[in-house]
Each structure stands twice: as C-alpha cells, then as structure tokens.
Amino acid sequence: MKTSHILFILALGFLTSCATIKSQDTSHISNKALLQSYKDFNNSFKKARTPLSYSGGHTASNCETYFDLAPKHDIEETVHNQAVKSEYLICDALKILSDSYGAPDKRIDFSSMGELLLSQLDLRSFSSSLYRAADENTHTLQSLFPQSSSATGPITRFDSEDWAFTLEVVAVANMNDNSAPDWIVWVLDEAKEGNYRGYSTLIIYDPEQQEPLKATTYP
C-alpha cells in the first residue's frame, strides 16, 4: 500500500476518533441551548447578553463580567433584572462544567431524572417560592402538589393557575472528584400574575447516594 494511502487512512481514523470523543464528551449535557454554548465555549463566555444590574451601579454584560461582579456585589432586586438573570443561567452551567473534574465515564441516562426530582428533591434544601410550603413530612413537589406536578425526561414541573415552577437537569459532571456523577439543575420560578421571578442554578451532589435528594445553590 502506498504511503499516501496509509496516511489518508490514518488521518481518516483520527478524525473519526475525534468525532466520537466529541460526541461522548457532550452526551452528559441534556439541554440543547447549553449544549450549543458548550461546543463554542470561548465565544459563549464572551457573548454579549442583556445587561444585568448590580448594586453600586455596576453592570454585567457577558459571562466574564457576571462572574467578576457576582462575588463583590448583589444583583438589584427589580422585576426586569430578575427576568434578565435567566439569561445568565447558561454562564453558571458553563463555569461549573469548566471547573469540574470532567464528564462521567459512563453514558448518562436522563430519562428518569425528572421523576427523581419530582418525588425525591427536598424543597427545603434551597431557596425558592415553595420553600415555606414544605415541612418535615411534606417537602417534595409530588407530595405537595400531586395533581399539579409532572415529570418528563430530565424536567419536572409544577403548574397551577397562578404559578409555574420548573426544575431541569441540564447537565451532569464530576464536581467532587468521586465515582458518583453530580447534577446541574436550573430552577425557573415564576408567578403567572404579579411580578415575582426567580431563576437559579443548583448542584445536586452524588444523587445516586442520596434519598431524599438535597440541592446546593450555585455559586
């Protein structure tokens, strides 16, 4: 076989291998918008976003300025500003993924994660509009709102006449350097009438080893 043919086959094999690795490296991300941003990580981190106002007159306009201001200043508690915060959930997830120990070794099955959030996530473990509704005996969406909550794939929802509350596992990564994958979860907490808006990112460490599940607010 000619040398040029050998080199072509080797090059083709290398490209196929890279494509396979890339596919494996992104199989731990379930949210399509996050997946696209992750594939173009550097540009996504610098991408211009709707200005997010902080105390002292400071403003974040991309992921870089968002993470520069977050440790030093509080986000202004205005209705518009809280709505804008939803755009920056992408930034949270990108940062968590970049700071993690990498993707899990095994392929992730997202199909039952919403059901686990519905039935096992302790709503007292993080701040939300539903925090005060929970108590020692009743503290999951399923136990609190059995008729108004449901799950599909990696998403669970509570939907009533006046409120919409959504939890979504957007990605899985190894964040505490052990064999159990950790979940990155987005919270969308919205009044259908009125001004309340709440958006946040949660981390659920070692969900396979927890019951009930407990979440930590990021950062």
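Legend: residues meeting side-chain hydrogen bond (donor to acceptor under 3.5 Å, both in side chains) with D40, ordered by chain and number and at least two apart, are N43. Taking D162 as the reference, S160 meet the side-chain hydrogen bond (donor to acceptor under 3.5 Å, both in side chains) condition, with sequence neighbours excluded. For F165, there are no ring pair (Phe, Tyr, Trp, His ring centres under 6.0 Å) partners two or more places apart in sequence or in a different chain. When the side-chain hydrogen bond (donor to acceptor under 3.5 Å, both in side chains) test is applied to S143, the partners found at least two apart in sequence or on another chain are T140. Checked against ring pair (Phe, Tyr, Trp, His ring centres under 6.0 Å), Y196 has the following partners two or more places apart in sequence or in another chain: W163. Remark: A83 engages no residue in a side chain to side chain contact (heavy atoms under 4.5 Å, CB included) (not counting sequence neighbours).
By the 30° and 60° cut-offs, the orientation of the rings of Y88 relative to Y66 is tilted.
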For residues 146-157, run the donor-acceptor check on the side chains, cut-off 3.5 Å, and write out each pair with its distance to 0.1 Å, sequence neighbours left out.
residue : atom : partner : partner atom : Å
S149    : OG   : L141    : O            : 3.4
S149    : OG   : F145    : O            : 2.6
T156    : OG1  : S150    : O            : 3.0

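Counting only residues at least two apart or in different chains, salt bridge (charged side-chain N to carboxylate O under 4.0 Å, His left out) contacts with residues 88-102 comprise K85-D92, K95-D99. Residue pairs that meet the side chain to side chain donor-acceptor pair (under 3.5 Å) test with at least one member in residues 208-219, sequence neighbours left out, are K106-E208. Legend: salt bridge (charged side-chain N to carboxylate O under 4.0 Å, His left out) pairs involving residues 45-68, not counting sequence neighbours, sorted by first then second residue: D68-K72. Sorted by first and then second residue, the pairs that involve residues 177-199 and meet salt bridge (charged side-chain N to carboxylate O under 4.0 Å, His left out), not counting sequence neighbours, are D159-K192. Residue pairs meeting the salt bridge (charged side-chain N to carboxylate O under 4.0 Å, His left out) criterion with at least one partner in residues 113-137, sequence neighbours excluded, are D122-R124, R124-E136.
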Exercise. Which is it for L117 and I204 under the side chain to side chain contact (heavy atoms under 4.5 Å, CB included) test, yes or no, and what are the steps along the way?
Worked result: CA-CA 10 Å; L117 291 175; I204 300 178; 3.8 Å; yes

